[in-house]
Protein chains: 2
Amino acid sequence: MGISITGMSDLGQQAYEKLRVGILDGELPPGSPLSHRKLAQLFGISTIPVAAALQRLEAEGFVESRARAGTRVKMPTVGEISGNYIVREALESQAARLFAQSASPLQKQRLLRLANDLDKRYRRLDKQVTPSREAQAEVEKRHVEFHLEIARATGCQELVSAIEKSRVLLFNWLFSRSGEYVPLPQGWHTRLAEDLSSGQPLSADEAMRLHVTFRRDDILRHFAELEQAAEGKIERGPQHRKVSGTFATKLQNLPR
Amino acid sequence: MGISITGMSDLGQQAYEKLRVGILDGELPPGSPLSHRKLAQLFGISTIPVAAALQRLEAEGFVESRARAGTRVKMPTVGEISGNYIVREALESQAARLFAQSASPLQKQRLLRLANDLDKRYRRLDKQVTPSREAQAEVEKRHVEFHLEIARATGCQELVSAIEKSRVLLFNWLFSRSGEYVPLPQGWHTRLAEDLSSGQPLSADEAMRLHVTFRRDDILRHFAELEQAAEGKIERGPQHRKVSGTFATKLQNLPR
DNA sequence: TCTCCAAAACTGATATGTCAGATTTTGTTG
DNA sequence: CAACAAAATCTGACATATCAGTTTTGGAGA
């Protein structure tokens, strides 16, 4: 997920990246408090670049901050997830149109290969009874790459950035759900790649829409349940989860 | 263009808004230097909230900053404008689909009224030989509102925000071009509103795509010329233009 | 044990000052 | 007058300190 453009100074940039991977890897689950001072101490820098990093993370929707009350990792609402799907559907179907319209034979071939590889990995994952979190993350990361490859082939950098933003937001929450998820149909991505390579923009558009919204309702239902569960205990302390990472614990046990 | 979510503190928020309207109104034309200190002095605040405001403006593509070298209002490239059109087409056609699918009779009626009013204003503008910049800006602002009204009717806040961002970027440059612009067809917006009210998502999608891309090629050509003209004199000092605003001049004549 | 409230602890926002890098100006030399 | 280097100036990045809200806590009283 190479977001390249820095737009921030050295220390701020480093803090931003650390926090970002911390959040996306699940080391900092939703609700985790992110104190300017504690982070500054943890990173060995002042609060200024930390504030810059957190401001950017807030603008990107990873974090929510209330003035003089605290900053914490954001728990997305069902409404936001749903809205995100709508935006993603718009952007990715547009990418599909452009791909069908102007992709070179080489690009089509490359996409087909990626799709095939991806389908193999998903099949392998479905065979396992209890796939490890790492294995799921690995495949999911390649899935994102697959979609980004379609966007990149359009040659429109703005479209790539927009898709990156709307995809990344879901990256974490998507596969953090329990286990009961509907397996993908046989050759799910291969068929999509074929549709995109057909040269028919409208068909490509429609195929991508179906692809993007495939598990949407399942996931929305899942999050609606989570939301209700969280509603019962209104903000009862930081949401402790069994997190192995050293990040969150270090933060907790920091004196100041 | 009501972007509501603050995400920034009081002073930083105020600085952000001042700079933003300064840029969008053309008072701070592309290339204008934006010094942290000078702005801080001008606003009567410290450099911290100014830096926060500029960071946000940079993330939104309004300014560009090089560490320890300077910050200035950004001149968008043809590639960026073109990419912006692609993203806008994706988002607005999606809004059109949803509108056609789920807008209430009241919302449809309201949209038709807005479209009619808008067409009248454009017609009035076309009659004038030399319409004032203010008059153009006024109509353009209502045009943006018309499109946002479609998005709002979908009930998807994320879609509204995404469209706001991709529209606002063009707001200024769009009508800053000389004068020779192709007049819109008769009942241009009214017909669009009718298509969106037809209840056919696919027709609405297609109609909106045509609408969004109508003057695209003209504008891209215009900016390509501007870009070439600017290329000749490589960064020869700040691009002085005849700007009436007090903003830029105040900044220039500030001692420190 | 429960309720309520004040003090303590914590939080983000901001001001001031300093630093090193980038740019511009200036002085010198050919 | 051109070329070049040094110095003066300007820039954004960052550290430290302080402030005013917010939340938590620890009793006091019921």
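Computed from a prediction, not measured in an experiment: that's the story for all the values here. All chains are named by letter (A, B, ...) in the order of the sequence lines, taking the proteins before the strands, and each is independently numbered beginning at 1. Side chains are part of it too, since the values below use all heavy atoms of this structure and drop only hydrogens, waters and symmetry mates.
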- Task: Output the single nucleotide from D:dT22, D:dC14, C:dT14 whose closest atom is nearest the side chain of B:Asp10.
- Result: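 When the side chain of B:Asp10 is considered, C:dT14 is the closest of D:dT22, D:dC14, C:dT14.
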Roughly, in whole Å, what's the span from [atom1] in [X] to [atom2] in [N]?
| X | N | atom1 | atom2 | value |
| --- | --- | --- | --- | --- |
| B:Arg72 | C:dT23 | CZ | P | 10 Å |
| A:Gln55 | C:dT14 | CD | P | 10 Å |
| B:Leu39 | D:dA13 | CG | P | 13 Å |
| A:Tyr16 | D:dA13 | OH | P | 16 Å |
| A:Leu57 | C:dG12 | CG | P | 13 Å |
| A:Arg66 | C:dG12 | CZ | P | 11 Å |
| B:Lys38 | D:dC10 | NZ | P | 7 Å |
| B:Arg56 | D:dG12 | CZ | P | 20 Å |

- Query: Looking just at side-chain N and O atoms, do B:Gln14 and B:Asp10 make a donor-acceptor pair shorter than 3.5 Å?
  - Reply: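 There is such a pair (donor and acceptor under 3.5 Å, judged by atom type) between the side chains of B:Gln14 and B:Asp10.
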- Distance only, no hydrogens: is a donor on one side chain within 3.5 Å (strictly under) of an acceptor on the other, for B:Gln13 and B:Glu17?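 Checked: B:Gln13/B:Glu17 side chains pair up, N/O donor to acceptor below 3.5 Å.
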- side-chain contact (heavy atoms from CB on, under 4.5 Å) against B:Ser102, all qualifying residues, sequence neighbours excluded: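 side-chain contact (heavy atoms from CB on, under 4.5 Å) check on B:Ser102 returns nothing, list empty.
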- Task: Report yes if at least one side-chain N or O of A:Thr71 is closer than 4.0 Å to OP1 or OP2 of C:dG12; otherwise report no.
- Result: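 Result: yes.
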- Item | Phosphate contact (C:dG12 OP1 or OP2) by A:Ser65 side-chain N/O below 4.0 Å |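 Indeed not, no polar side-chain atom of A:Ser65 lies that close.
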- Item | ring-ring contact (aromatic ring centres under 6.0 Å, His included) partners of B:Phe43, counting only residues at least two apart |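 Residues passing ring-ring contact (aromatic ring centres under 6.0 Å, His included) with B:Phe43: none at all.
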- Task: Please identify each residue that fulfils ring-ring contact (aromatic ring centres under 6.0 Å, His included) with A:His143, with sequence neighbours left out.
- Result: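 Per chain and number, A:His143 pairs via ring-ring contact (aromatic ring centres under 6.0 Å, His included) with A:Tyr122, A:His147, A:His189, A:His211.
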- Quick one: salt bridge (Lys or Arg N to Asp or Glu O under 4.0 Å) partners of B:Glu138, sequence neighbours excluded?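 Salt bridge (Lys or Arg N to Asp or Glu O under 4.0 Å) check on B:Glu138 returns B:Arg142.
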- Item | salt bridge (Lys or Arg N to Asp or Glu O under 4.0 Å) partners for B:Arg221, two or more places apart |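 B:Arg221: salt bridge (Lys or Arg N to Asp or Glu O under 4.0 Å) contacts with B:Asp218.
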- Query: So what does A:Leu34 touch, heavy atoms closer than 4.0 Å: a base, only the sugar-phosphate, or nothing?
  - Reply: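 Contact class for A:Leu34: sugar-phosphate only.
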Give each protein N/O atom lying under 3.5 Å from an N/O atom of nucleotides 15-19 of chain C, with the pair distance.
{"unit_1": "C:dA15", "atom_1": "OP1", "unit_2": "B:Ser46", "atom_2": "N", "d": "3.4"}
{"unit_1": "C:dA15", "atom_1": "OP2", "unit_2": "B:Ser46", "atom_2": "N", "d": "2.7"}
{"unit_1": "C:dA15", "atom_1": "OP2", "unit_2": "B:Ser46", "atom_2": "OG", "d": "2.2"}

